[in-house]
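Working notes, structure below.
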Amino acid sequence: MAIDSAGPTGNLLLDALSDHDRALIAPDLEAVSYARGQTAFEASDAVTHVTFPCDYTVLALVITTRDGRTAETATIGHDGVAGGLVGQGRVPAFAKGLVQIGGPMLRLDADRLEEAASRSASLRALFTRYAECLVAQLLQTAACNALHPIEQRCLRWLLTFQDRIDGDTLAVTHELMAAMLGVQRTYLTRILRVLQDQGLIRVARGRITVVDRAAVSAAACECHARVRIHCAAVLGPVYGTGRYAHDPIVKATAGQRPH
C-alpha cells in the first residue's frame, strides 16, 4: 500500500523528514495493524523491517529471563521507530516487541531504509539522532530500575506511557504494568493504592488516570524529565511538533536544539 509522500503519517519521526527524504521511502512503507498483546517481533529473530507506531499505538521493548519473568526496557510510540536503524545487515533482535496499545503502524524493509540512508545524509542523520535518544531511554531506565524506589519508578513509567497517548487515562491493566516493571502484581496493586491515596492517580479496572500530571512529575524521580530534555535537544524537529510542542520540558529545551 503506497503512503502519501507529503501528508501526515501519524508518526512524528516520518513527518519530520523533508519531502525529498520522505519520497525515498514512502513507496515502500507498508500499513499494518496490531492488537494489544500481539508481538511485532520476537527476540533473536532477524530484523527484516523497521516498525513505526502511528497515532496512539504503543510498542514496548521487553526482555524475558529464563524463568519467564519480563521487564520493559523502552517504550516506543508515535515519536519513534523499532528495528535496525543504523546497522548494516539483518542482525537479530535483542528484545521482544510487545504491543501495549493496539493500532496502526507502518513497516519498512530494513534494506530499503539502509539504501535510502546511503543516498541522503539528512535522512541518515535523523535516524542516527533517534537511535541516540533510544539509547538514552535505555540507559536512564537501567539506572532508574537500579537506584530508585518502586513508587518513583511507577510514576516514571506512567509519565512515559502518557507521553504516547492523547489524554490522561491510560488503558493499562495491573498485570501488564507489573510485568513491564518486573514486580509482582499484588505488590504493584499496593503501590498504586498508595499513589491513589496521595491524589496523584485514579485506578479503575483496566485503566489508570493521571489526575495531576504536574504533581506526578514532581513526585517522580528525575529520569523521565532527563530523557525528555535530552531528546528535545537531540531531535528538535520531532519533539517540536504535535502535542509535544506545548510540553514545558520541550519548550524549555528549545534553545538547545541543534539545527
Side-chain angles (χ1 to χ4, degrees), residues 1-42 47-62 72-86 93 95-113 116-117 123 126-131 133-134 137 159-172 176 180 227-228 231-232 234-247 250:
M1 175 181 178
I3 303 300
D4 188 345
S5 61
T9 64
N11 179 277
L12 296 183
L13 196 64
L14 289 175
D15 292 346
L17 293 170
S18 68
D19 291 343
H20 173 266
D21 288 345
R22 176 95 73 90
L24 291 175
I25 61 175
D28 299 296
L29 287 168
E30 174 191 5
V32 294
S33 182
Y34 286 90
R36 182 170 69 174
Q38 279 192 291
T39 298
F41 50 85
E42 288 282 3
V47 178
T48 59
H49 292 80
V50 292
T51 304
F52 301 86
C54 298
D55 299 326
Y56 306 112
T57 307
V58 178
L59 184 71
L61 299 185
V62 176
E72 178 186 281
T73 58
T75 303
I76 301 173
H78 73 303
D79 56 344
V81 57
L85 300 178
V86 295
K96 174 181 179 178
L98 178 67
V99 179
Q100 290 181 330
I101 295 183
M105 299 192 195
L106 292 171
R107 296 199 316 167
L108 176 67
D109 186 280
D111 292 338
R112 294 294 299 131
L113 176 60
L123 185 149
L126 184 67
F127 282 92
T128 300
R129 287 182 180 278
Y130 175 73
C133 289
L134 185 59
Q137 184 182 168
L159 289 168
T160 302
F161 200 103
Q162 189 186 17
D163 287 343
R164 274 101 186 150
I165 67 169
D166 184 22
D168 300 326
T169 299
L170 288 58
V172 57
L176 174 62
M180 294 302 97
V227 171
R228 292 294 297 277
C231 292
V234 173
L235 263 184
V238 172
Y239 284 86
T241 60
R243 54 189 181 276
Y244 285 111
H246 306 291
D247 189 304
V250 174

Side chain proximity check, [X] to [Y], heavy atoms < 4.5 angstrom:
| X | Y | value |
| --- | --- | --- |
| L14 | L29 | yes |
| V234 | Y130 | no |
| P53 | I76 | yes |
| M105 | L59 | yes |
| D109 | V50 | no |

Is a side-chain donor or acceptor of [X] paired with a backbone partner of [Y] at a separation under 3.5 angstrom?
| X | Y | value |
| --- | --- | --- |
| N11 | L106 | no |
| R228 | D163 | no |
| Q137 | V227 | no |
| T57 | P104 | yes |
| T73 | L61 | yes |
| S18 | D21 | yes |

What is the distance from atom [atom1] of [X] to atom [atom2] of [Y], rounded to the nearest 0.5 Å?
| X | Y | atom1 | atom2 | answer |
| --- | --- | --- | --- | --- |
| H78 | L13 | NE2 | CG | 11.0 Å |
| L235 | L126 | CG | CG | 6.0 Å |
| Q162 | T75 | CD | OG1 | 13.0 Å |
| H49 | T51 | NE2 | OG1 | 8.0 Å |
| T48 | D111 | OG1 | CG | 9.0 Å |

*Which residue, T9, D79, L108, forms the side chain to side chain contact (heavy atoms under 4.5 Å, CB included) with F52?*
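Among T9, D79, L108, the one meeting side chain to side chain contact (heavy atoms under 4.5 Å, CB included) with F52 is L108.
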*asked:* Set out, in order, the CA-CA distance, both residues' side-chain angles and the distance that settles side chain to side chain contact (heavy atoms under 4.5 Å, CB included) for E30 and D28, then state yes or no.
replied: CA-CA 6 Å; E30 174 191 5; D28 299 296; over 6 Å; no
*Taking Q100 as the fixed residue, which of R36, R164, E72 is the one that meets the side-chain hydrogen bond (donor to acceptor under 3.5 Å, both in side chains) rule?*
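Among the candidates, only E72 passes.
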_Does V47 form a side chain to side chain contact (heavy atoms under 4.5 Å, CB included) with F41? I'd like the steps, not just the answer._
CA-CA 8 Å; V47 178; F41 50 85; over 6 Å; no
*Step-by-step side chain to side chain contact (heavy atoms under 4.5 Å, CB included) determination, T39 to Y34*: CA-CA 8 Å; T39 298; Y34 286 90; over 6 Å; no
